[in-house]
Trainee: 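Below is one structure. I have some questions about it.
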There are 2 protein chains.
Amino acid sequence: MDELLEADGRALKHVRVREYVRNLVSGSAPGSPAPSERELVQQFGVARMTVRQAMDALVVEGLLERIPGRGTFVARPRRTASRITGYTEEMTRRGMLAESQTLLARREQAGPGVARALSLTEGDALIHWRRLRRADGVPMCIEDAYLNEILLPGFLQSGMPTSLYDALDARGLRPTWAEDSIQADKATAEEAQLLEVEPLTSVLRHSRRAICGDKVVEVSRSVYRADRFTLWVQLGSDA
Amino acid sequence: MDELLEADGRALKHVRVREYVRNLVSGSAPGSPAPSERELVQQFGVARMTVRQAMDALVVEGLLERIPGRGTFVARPRRTASRITGYTEEMTRRGMLAESQTLLARREQAGPGVARALSLTEGDALIHWRRLRRADGVPMCIEDAYLNEILLPGFLQSGMPTSLYDALDARGLRPTWAEDSIQADKATAEEAQLLEVEPLTSVLRHSRRAICGDKVVEVSRSVYRADRFTLWVQLGSDA
DNA sequence: TAGTGGTCTAGACCACTAT
DNA sequence: TAGTGGTCTAGACCACTAG
């Protein structure tokens with residue numbers, strides 16, 4: 001007998017069928033046939049509605065595709081929207097070494113703009129974290145992150161992490177939604193000095209408001225050297 | 001009797017129930033209760049599985065939320081990824097008047113880069129459409145669009161539309177997926193002249209590869225005046 | 001013609017919530 | 001205790017596809 005049929009007899013029947021089918025087809029090429037519903041009814045000794053419930057879940061998930069009169073097949077993988085990433089993950093993905101140098105990390109009182117963006121009240125305490133970020137040892141961007149202290153108790157005291165997004169992840173606060181704005185501009189004198197370019201060199205300004213559920217977890221403004229950085233974005237998703 | 005119960009007796013029962021519930025709750029505040037499943041069984045004289053099928057669809061859609069032991073309620077609207085829009089729709093959304101002046105519209109042979117981006121073979125025929133695009137009468141961007149002629153038969157002959165995306169829509173080719181890249185740069189002499197700015201002024205370069213299903217429907221390169229344009233992007237979606 | 005998924009019935013028992 | 005959604009059964013008929 002298939003060991004998966006025996007595994008965890010306490011599990012719900014439709015879950016057992018679902019996971020059996022998931023394991024069966026994982027790795028199969030798109031278009032490969034899945035077992036027919038009546039076949040699974042026989043194998044598992046359950047009602048057809050139970051099998052349909054299991055298969056429905058996999059169809060909604062995008063793993064399977066039903067074709068009336070033909071059968072159920074492994075679906076072409078759906079394109080999905082970009083994972084929301086921070087600097088460290090993004091540069092690593094590009095095969096570069098991401099490093100950061102903290103220029104400033106302290107509690108501040110929220111000004112009107114940042115307060116609104118973070119869904120705080122003006123004057124509330126927030127964390128302001130400014131970093132010079134390098135890629136392969138060369139300055140890439142200056143990032144000012146503003147964080148809600150309430151969501152990150154002890155953050156400043158616990159030693160700053162390399163990756164803000166890893167730290168958010170660890171607290172179950174990885175953003176699932178982000179509102180970004182992107183502008184072309186020229187570097188100010190101070191920015192130019194930090195980025196090691198001439199003043200008035202082209203830079204890309206990138207602002208983000210990152211949200212997890214109902215909570216605004218990060219508001220940030222970054223300025224990237226235009227000669228080193230192209231922003232890539234994937235939009236939309238398959239129906 | 002409720003007129004919706006009578007409407008289109010040919011429709012499938014689960015569809016009738018689904019649309020009845022959709023109409024009933026549309027406009028209701030999140031958290032408002034939907035009818036209970038057994039209530040709908042009574043009202044429509046159908047089996048409970050049929051009602052569950054109807055409700056399942058609305059739950060997957062994100063309109064309803066089930067809470068075991070309590071009931072079914074109107075869900076908080078999900079955040080969804082940005083609709084993929086073109087210049088005309090985007091400027092209209094910003095409350096500006098979008099106008100375009102065609103600088104060039106002709107068949108060309110695909111060069112290596114554009115061929116690969118459009119999933120064509122080098123030397124294949126494509127449509128090259130260059131426009132100066134204004135917002136409220138002032139130059140905003142120059143856009144070079146490259147289109148697969150096979151997908152748009154008679155496009156050049158039929159008179160160019162104002163909105164490429166409307167034209168794609170009409171042919172069932174509205175992109176559901178886009179891969180964009182964004183860079184900061186300085187205007188070339190030619191770009192500066194068309195955009196009515198000084199040479200070396202900051203510009204935002206925006207490239208797009210837009211896809212509908214398996215078909216690459218548009219490859220474009222746009223250059224925006226940085227003093228007039230900020231790109232906005234929403235990323236991710238609720239789970 | 002045999003097999004497939006799509007729809008539908010008329011029940012059942014369970015765990016959970018609210019009163 | 002009454003009501004809710006969650007799970008499950010054992011059938012049924014339909015339209016469609018493929019050999």
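Atoms considered below: every heavy atom in the structure, side chains included; atoms not considered: hydrogens, waters and symmetry mates. Numbered from 1 within each chain, the chains take letters A, B, ... in sequence-line order.
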Trainee: Is Arg107(B) reaching over with its side chain to a backbone N or O of Ala125(B), donor-acceptor style, under 3.5 angstrom?
Mentor: no
Trainee: Does Arg48(A) put a side-chain nitrogen or oxygen below 4.0 Å from OP1 or OP2 of dT9(D)?
Mentor: no
Trainee: Just wondering, are more than 12 heavy atoms of other shown residues or ligands nearer than 6.0 Å to CZ in Arg174(A)?
Mentor: yes
Trainee: Could you tell me how far apart Leu58(B) (CG) and dG5(D) (C1') are, to the nearest whole angstrom?
Mentor: 15 Å
Trainee: Taking atom types as they are modelled, is there a donor-acceptor pair under 3.5 Å from the base of dG5(C) to the side chain of Arg38(A)?
Mentor: yes
Trainee: Given atom CG of Leu64(B) and atom P of dT4(D), what is their separation to the nearest angstrom?
Mentor: 15 Å
Trainee: Can you list the steps and then say if Ser100(B) with Arg133(B) is a side chain to side chain donor-acceptor pair (under 3.5 Å)?
Mentor: CA-CA 4 Å; Ser100(B) 294; Arg133(B) 319 204 70 165; 2.9 Å; yes
Trainee: For a side chain to side chain contact (heavy atoms under 4.5 Å, CB included) check, start with the C-alpha distance between Leu63(A) and Arg22(A), then their side-chain angles and the critical distance, and finish with the verdict.
Mentor: CA-CA 8 Å; Leu63(A) 183 64; Arg22(A) 190 203 300 287; 3.9 Å; yes
Trainee: Quick one: is Thr50(A) getting a side-chain N or O under 4.0 Å of the dT7(D) phosphate, OP1 or OP2?
Mentor: no
Trainee: Can you tell me how far P of dG3(D) sits from CZ of Phe73(B), to the nearest Å?
Mentor: 16 Å
Trainee: Given dA10(D), dG5(C), dT9(C), which nucleotide is nearest the side-chain atoms of Ala47(B)?
Mentor: dT9(C)
Trainee: Roughly, in whole Å, what's the span from CZ in Phe44(B) to C1' in dT7(C)?
Mentor: 16 Å
Trainee: Do Gln183(A) and Leu231(B) have side chains that approach each other closer than 4.5 Å (heavy atoms only, starting at C-beta)?
Mentor: no
Trainee: Roughly, in whole Å, what's the span from CG in Leu12(A) to C1' in dG6(D)?
Mentor: 8 Å
Trainee: Dot-bracket for DNA chain D, please. Rules: Watson-Crick or G-U, both distances under 3.5 Å, ( ) within the strand, [ ] when a pair crosses earlier ones, | for another strand, . otherwise.
Mentor: ||||||||||||||||||.
Trainee: How many whole angstroms separate atom CD of Glu37(A) from atom C1' of dC8(C)?
Mentor: 14 Å
Trainee: With a 4.0 Å cutoff (strictly under), does any side-chain N or O of Thr72(A) reach OP1 or OP2 of dG5(C)?
Mentor: yes
Trainee: Nearest of dT17(D), dA10(C), dG5(D) to any side-chain atom of Met49(B)?
Mentor: dA10(C)
Trainee: Output the single nucleotide from dT7(C), dA18(D), dG5(D) whose closest atom is nearest the side chain of His14(B).
Mentor: dT7(C)
Trainee: Ring centroid separation for Tyr165(B) and Tyr87(B), is it under 6.0 angstrom?
Mentor: no
Trainee: May I have the distance from Arg70(B) (atom CZ) to dG5(D) (atom P), rounded to whole angstrom?
Mentor: 11 Å
Trainee: Please figure out whether Ile67(A) or Pro68(B) has its closest DNA chain C nucleotide nearer the 5' end.
Mentor: Ile67(A)
Trainee: Measure from the side chain of Ser36(B), starting at C-beta and using heavy atoms only, and say which of dA18(D), dT7(D), dG5(D) lies closest.
Mentor: dG5(D)
Trainee: Please name all residues satisfying salt bridge (charged side-chain N to carboxylate O under 4.0 Å, His left out) with Arg70(A), sequence neighbours left out, ordered by chain then number.
Mentor: none
Trainee: Checking side chain to side chain contact (heavy atoms under 4.5 Å, CB included) between Arg209(A) and each of Asp180(A), Leu118(A), Val216(A), which is the one that passes?
Mentor: Val216(A)
Trainee: OP1 or OP2 of dG6(D) less than 4.0 angstrom from a side-chain nitrogen or oxygen of Arg52(B), does that happen here?
Mentor: yes
Trainee: Between dG3(D) atom P and Glu39(B) atom CD, what is the distance in whole Å?
Mentor: 11 Å
